[in-house]
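This report concerns only the one structure given below.
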Amino acid sequence: MRFESIVRQHSPRLVRTLTFVVLDRETAADIAQETFMQLYSHWDTVSLHPYLDGWIYRVALNRAKDHRRSLARAARLIERIGHEPAPVPPPEPWRPELDFLSSLRPLPKQQRVAAALYYAADLPLSEVAGIMGISEGAVKSHLHRARHALRDLVKEE
């Protein structure tokens, strides 16, 4: 398979999945782009990987962790300096996928990641488990807890 077709095939789903993980679409698009740049730079070896989809999502989640760490470092720096962070821009206009995003927001990170990979990226349990580095049973447990939490949220509304 050619690199360009891999990017076209995976980009929309990867950005959507990362949006549910990092809770920001533009950050998700940046992370997806970094992931594809890493794929391109290692194409000769990675293109032969038997689970290329899993490799792409694993790298993307690692990039998301790196992003979260850099945000935490920046927040600590701002706190030490004593300045207020820049004001948050107004939210984007409503889109249906934002309802799912706002539903996932209160979930613990592992449940949110599992739900994003399983429901938004439409990956099978085995791939979600491989990407997250946990067993399929643990993925099922995270998804079960996420569904219960979401069901309770819907009942409250």
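Within the model, atoms CZ of Arg13 and CG of Leu117 stand 9.5 Å from one another, a figure rounded to the nearest 0.5 Å. To the nearest 0.5 angstrom, Asp66 atom CG is 8.0 Å from Glu34 atom CD. A distance of 8.5 Å separates CG of Leu150 from CD of Gln111, quoted to the nearest 0.5 Å. The CD atom of Gln33 lies 12.5 Å from the CG atom of Leu18; values are rounded to the nearest 0.5 Å. Going from atom CG of Leu52 over to atom CD1 of Ile56 covers 4.0 Å, rounded to the nearest 0.5 Å. Taking CH2 from Trp55 and CD1 from Ile131, the interatomic distance works out to 12.0 Å, rounded to the nearest 0.5 Å.
Of the N and O atoms on the side chains of Tyr51 and Arg58, not one donor lies less than 3.5 Å from an acceptor on the other residue.
When side chains are defined from C-beta on, Glu4 does not count as touching Gln9, because their heavy atoms never get closer than 4.5 Å. Two residues are said to be in side-chain contact when any heavy atoms from C-beta on lie closer than 4.5 Å; Trp43 and Arg2 fail this criterion. When side chains are defined from C-beta on, Phe3 counts as touching Leu39, because their heavy atoms get closer than 4.5 Å. Tyr119 is listed as a side-chain neighbour of Leu143, based on a closest heavy-atom distance under 4.5 Å. For the pair Val15/Arg25, a side-chain contact is recorded, criterion being any heavy-atom separation below 4.5 Å from C-beta on.
Scanning both residues, Arg112 and Leu104, for their nearest heavy atoms gives CD-O, 3.6 Å. A pairwise comparison of heavy atoms in Thr35 and Ala60 identifies OG1-CA, 3.3 Å as the closest pair. Nearest heavy-atom pair, Leu14 versus Ala32, reported as atom, atom and distance to 0.1 Å: CD2-CB, 3.8 Å. Of all heavy-atom pairs spanning Ala146 and Leu107, the tightest one is CB-CD1, 3.8 Å.
The environment of CD in Gln38 is crowded: more than 12 heavy-atom neighbours from other residues, nucleotides or ligands sit within 6.0 Å. More than 12 non-hydrogen atoms from other residues, nucleotides or ligands lie less than 6.0 angstrom from CZ of Phe36.
Every residue two or more places apart in sequence or in another chain that forms a side-chain contact (heavy atoms from CB on, under 4.5 Å) with Arg73 is listed here: Arg69, Ser70, Arg76.
A single hydrophobic cluster is not seen to contain both Leu71 and Leu23; linkage of ILVMFWY side chains at heavy-atom distances under 4.5 Å, directly or through other members, places them apart.
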As a quick check of understanding, evaluate side-chain hydrogen bond (donor to acceptor under 3.5 Å, both in side chains) for Arg151 and His148, giving each step before the final call. CA-CA 5 Å; Arg151 189 176 308 132; His148 274 295; 3.1 Å; yes
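Arg63 contributes no side-chain N or O that, together with a main-chain N or O of Ile31, makes up a donor-acceptor pair within less than 3.5 Å. Side-chain atoms of Ser11 do not come within 3.5 Å of backbone N or O of Arg8 as any donor-acceptor pair.
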Residues 121-130 side chain polar contacts: donor-acceptor under 3.5 Å, at least two apart:
none

